[in-house]
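What you are looking at is a predicted structure, and each value in this text was computed from that prediction instead of being measured.
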Amino acid sequence: MDLTTGSAATKAEMVMRFVRQRISGRTLTPGAKLPSVRSLSATLSVSTSTVVDAYERLVAEGAIVSRPGSGFYVANQAAPFSPAEAGPKLDRAVDPFWISRQSLESSEDSLKPGCGWLPPSWLPEEAMRKSLRVLSRAEPSSLADYGTPLGLYPLRRLISRRMGERGIEASPDEIMLTESGTQAIDLLCRFLIEPGDTVLVDDPCYFNFHALLRAHRAKIVGVPYTANGPDLAAFAATVCEHRPRLYITNSAIHNPTGAVLSPVTAHRVLKIAEEFDLTIVEDDIFADFEMVAAPRLAAFDGLERVIHIGSFSKTLSAAARCGFIAARPDWIEGLTDLKIATSFAGGRMTEEVVHAALSDGSYRKHLDTLRARLSRAMAEVTERLAAIGIEPVLRPQSGMFLWCRLPGETDAAEVARACLKKQIVLAPGNAFSLSQSAKNCMRFNVSQTLDPRIFETLKGVLKA
């Protein structure tokens with residue numbers, strides 16, 4: 001094995017990989033002595049300092065231990081070898097956790113048309129690196145102190161201004177930062193519902209809403225979603241019958257359908273909510289994908305009974321976990337206490353990085369480029385899917401999701417399982433549907449569906 005090319009950091013990582021492979025494959029067993037620094041440097045054709053660096057990093061992560069005067073040894077608590085680690089799990093039920101686990105746990109070589117995020121190359125890497133450099137020069141308090149419970153004020157002020165561009169009035173004191181959009185919903189569920197309470201969701205809706213609500217032991221009911229928002233007749237009847245405490249929805253760009261709420265539907269939904277004292281959580285994490293701003297329930301309602309949430313993981317970075325909740329002052333007060341109880345304070349460093357990235361003039365240019373790129377991908381993927389008999393249920397105005405119907409009575413879950421064997425992660429429809437009425441539907445992320453192998457594999461599976 002020759003590691004003579006590459007940077008010092010890359011060489012050290014390759015030495016670490018070499019050692020890990022021998023530990024996991026039982027060539028080096030727990031307690032076994034590793035080759036000496038000089039011996040391994042000669043074997044791998046790297047400097048002794050590279051091996052020392054690799055060994056020290058393996059010690060830091062607990063894979064090996066150092067015995068002064070004796071050498072390095074495999075840690076006794078080494079994890080047992082598992083053949084399942086060599087590939088994705090194929091035996092799980094296709095439920096709300098299935099897509100997330102396959103997308104998050106699959107190898108870097110896997111294709112992920114079913115995942116819910118953009119490829120790294122589509123995100124503003126240089127802007128993030130610049131923000132990290134800015135943070136590295138910040139005051140020591142930014143790197144070491146707890147943040148305030150509400151979160152970094154300059155970022156809350158910036159979010160307030162951005163919300164104002166969409167017609168939502170919220171002062172910085174009516175905004176609380178969270179670690180993600182998911183944490184925002186989790187906090188709201190803790191704050192607003194008790195186990196056994198009923199929560200209304202769209203059918204179909206983002207599958208993790210189901211998972212999160214089940215974790216809170218809520219009773220979940222669904223309402224059919226149309227091209228203009230929830231089916232109003234069904235919405236009114238369901239709210240009247242079940243008296244839900246919460247309704248969780250996307251209004252701007254709906255996940256998974258890509259639909260946009262109409263003003264007429266928005267007004268009617270709010271009237272029904274007022275009549276039955278229903279609180280609405282409006283998840284707006286796809287706001288920056290919009291070509292034209294859609295109606296917001298929070299804008300019509302003025303944050304009386306609508307709580308508006310968002311995050312920056314879709315357009316900035318999924319690694320910088322930062323979201324927010326905008327709500328009326330008395331609710332923000334209670335949510336702040338709850339945040340202190342569950343996480344004490346926010347991630348100050350992440351908030352600083354996100355603020356620096358959003359404040360940079362390049363972010364808006366990035367969004368313009370991104371929207372155009374998604375529009376082209378949407379057209380291309382729609383055409384290529386149609387060529388193999390997969391048609392969109394509706395054609396979204398913007399965003400990255402394409403909600404499609406497979407030919408005939410094809411079971412999307414079976415297609416997903418078959419494609420997973422080819423290292424292609426798909427998002428079958430019933431994972432999004434509480435009523436299990438989307439058996440032959442599939443959600444495609446157009447930014448992740450441009451590789452020709454995806455269409456070739458789908459064509460073969462559909463034929464079979």
Would you call E414 and R417 a salt bridge, using N to O less than 4.0 angstrom?
-> yes
Any side-chain donor near an acceptor of the partner, N445 and S447, under 3.5 Å | yes
In terms of side-chain geometry, is the basic nitrogen of K339 or E179 positioned less than 4.0 Å from the acidic oxygen of its partner?
-> no
R190/D186 salt bridge by N-O under 4.0 Å criterion | yes
Only one of R371, K365, R364 forms a salt bridge (Lys or Arg N to Asp or Glu O under 4.0 Å) with D368, so which one is it?
-> R371
Would you say the side-chain atoms of R305 pair up with the backbone N or O of L278, donor to acceptor, closer than 3.5 Å?
-> yes
Taking C-beta and beyond as the side chain, do L158 and H355 meet within less than 4.5 Å on heavy atoms?
-> yes
If the plane angle is over 60° it's perpendicular, under 30° parallel, otherwise tilted; pick one for F209 and Y206.
-> perpendicular
Go through the steps for I280 and I307 under the test side chain to side chain contact (heavy atoms under 4.5 Å, CB included), then give the verdict.
-> CA-CA 6 Å; I280 300 174; I307 300 170; over 6 Å; no
Would F401 and F444 count as a close aromatic pair, with their ring centres under 6.0 Å?
-> no
Carboxylate-amine/guanidinium contact E174 R156, below 4.0 Å = no
Starting from the C-alpha separation in whole Å, work towards a yes-or-no answer on side chain to side chain contact (heavy atoms under 4.5 Å, CB included) for T336 and L338.
-> CA-CA 5 Å; T336 301; L338 183 58; over 6 Å; no
Taking all non-hydrogen atoms of both residues, which atom of L111 and which atom of D451 are closest, and how far apart?
-> CD2-OD2, 3.8 Å
Please say whether more than 12 non-hydrogen atoms of neighbouring residues, nucleotides or ligands are located less than 6.0 Å from CD in E194.
-> no
So, F97 versus F207, ring centres under 6.0 angstrom or not?
-> no
Name of the residue among V201, T249, L261 meeting side-chain contact (heavy atoms from CB on, under 4.5 Å) with P230 = L261
Judged by atom type as modelled, is there a donor-acceptor pair below 3.5 Å linking the side chain of N250 to the main-chain atoms of D283?
-> yes
Which heavy atom in P119 sits nearest to a heavy atom in Q448, and how many Å separate them?
-> N-NE2, 3.4 Å
Give the intermediate values and the outcome of side chain to side chain contact (heavy atoms under 4.5 Å, CB included) for residues L118 and K314.
-> CA-CA 7 Å; L118 298 172; K314 303 303 179 185; 5.9 Å; no
Would you indicate whether the side-chain heavy atoms of I248 and L213 approach each other to under 4.5 Å?
-> yes
Nearest 0.5 Å, what's the CZ-CG distance between R217 and D197?
-> 13.5 Å
Is the shortest side-chain N to carboxylate O distance from R296 to E290 below 4.0 Å?
-> yes
Return the minimal non-hydrogen interatomic distance between A326 and M163, and the atom names on each side.
-> CB-CE, 3.5 Å
Examine distances only and state if a side-chain atom of E282 and a backbone atom of A298 form a donor-acceptor pair shorter than 3.5 Å.
-> yes
F432-W403 aromatic ring centre distance below 6.0 Å | yes
Consider only side-chain N and O atoms of N440 and T410, and report whether a donor and an acceptor are under 3.5 Å apart.
-> no
Check: S362/D360 side-chain N/O donor and acceptor closer than 3.5 Å | yes
Does atom CZ of R162 have more than 12 heavy-atom neighbours from other groups under 6.0 Å away?
-> yes
CD of E383: more than 12 outside heavy atoms within 6.0 angstrom?
-> no
Under 3.5 Å donor-acceptor, S160 side chain and A170 backbone | yes
Dump the intermediate steps for salt bridge (charged side-chain N to carboxylate O under 4.0 Å, His left out) on E126 and R133, then the final yes or no.
-> CA-CA 10 Å; E126 185 50 43; R133 290 193 294 270; 3.0 Å; yes
Any side-chain heavy atom of S262 within less than 4.5 Å of one from T265?
-> yes
CD/E125: more than 12 non-hydrogen atoms of other groups inside 6.0 Å | no
Do you know the tightest heavy-atom contact between L297 and S251?
-> N-OG, 4.4 Å
Tell me, with the steps shown, if W122 and L374 meet side chain to side chain contact (heavy atoms under 4.5 Å, CB included).
-> CA-CA 10 Å; W122 288 46; L374 280 170; 3.7 Å; yes
Report yes if some heavy atom in the side chain of V239 is under 4.5 Å from a heavy atom in the side chain of F235; otherwise report no.
-> yes
Parallel under 30°, tilted from 30 to 60°, perpendicular over 60°: which one fits the rings of F324 and F312?
-> tilted
Donor-acceptor pair, S180 side chain versus C322 backbone, under 3.5 Å?
-> no
Just do the side-chain hydrogen bond (donor to acceptor under 3.5 Å, both in side chains) check on S103 and S100 with the steps written out, would you?
-> CA-CA 5 Å; S103 298; S100 295; over 6 Å; no
Donor-acceptor under 3.5 Å (D202 side chain, P204 main chain) = no
Within 6.0 angstrom of Y146 OH, more than 12 heavy atoms from elsewhere | no
Got a sec: does the CD of E139 have more than 12 other heavy atoms crowding it under 6.0 Å?
-> no
Under 3.5 Å, is there a donor-acceptor pair linking the side chains of T369 and H366?
-> no
Which atom names give the shortest non-hydrogen contact between V199 and A218, and what distance separates them?
-> CG2-CB, 4.0 Å
Indicate whether the side chain of D203 and that of S433 have a donor and an acceptor atom separated by less than 3.5 Å.
-> yes
Under a 4.0 Å N-O cut-off, is there an ion pair linking R17 with E13?
-> no
Can T226 and D231 be said to form a side-chain hydrogen bond (donor to acceptor under 3.5 Å, both in side chains), step by step?
-> CA-CA 6 Å; T226 74; D231 181 294; over 6 Å; no
Output yes when a side-chain donor or acceptor of T382 lies under 3.5 Å from a complementary backbone atom of M378, and no otherwise.
-> yes
Got a donor-acceptor contact below 3.5 angstrom from the E352 side chain to the L135 backbone?
-> no
Straight-line distance of M400 CE to T315 OG1, nearest 0.5 Å = 9.5 Å
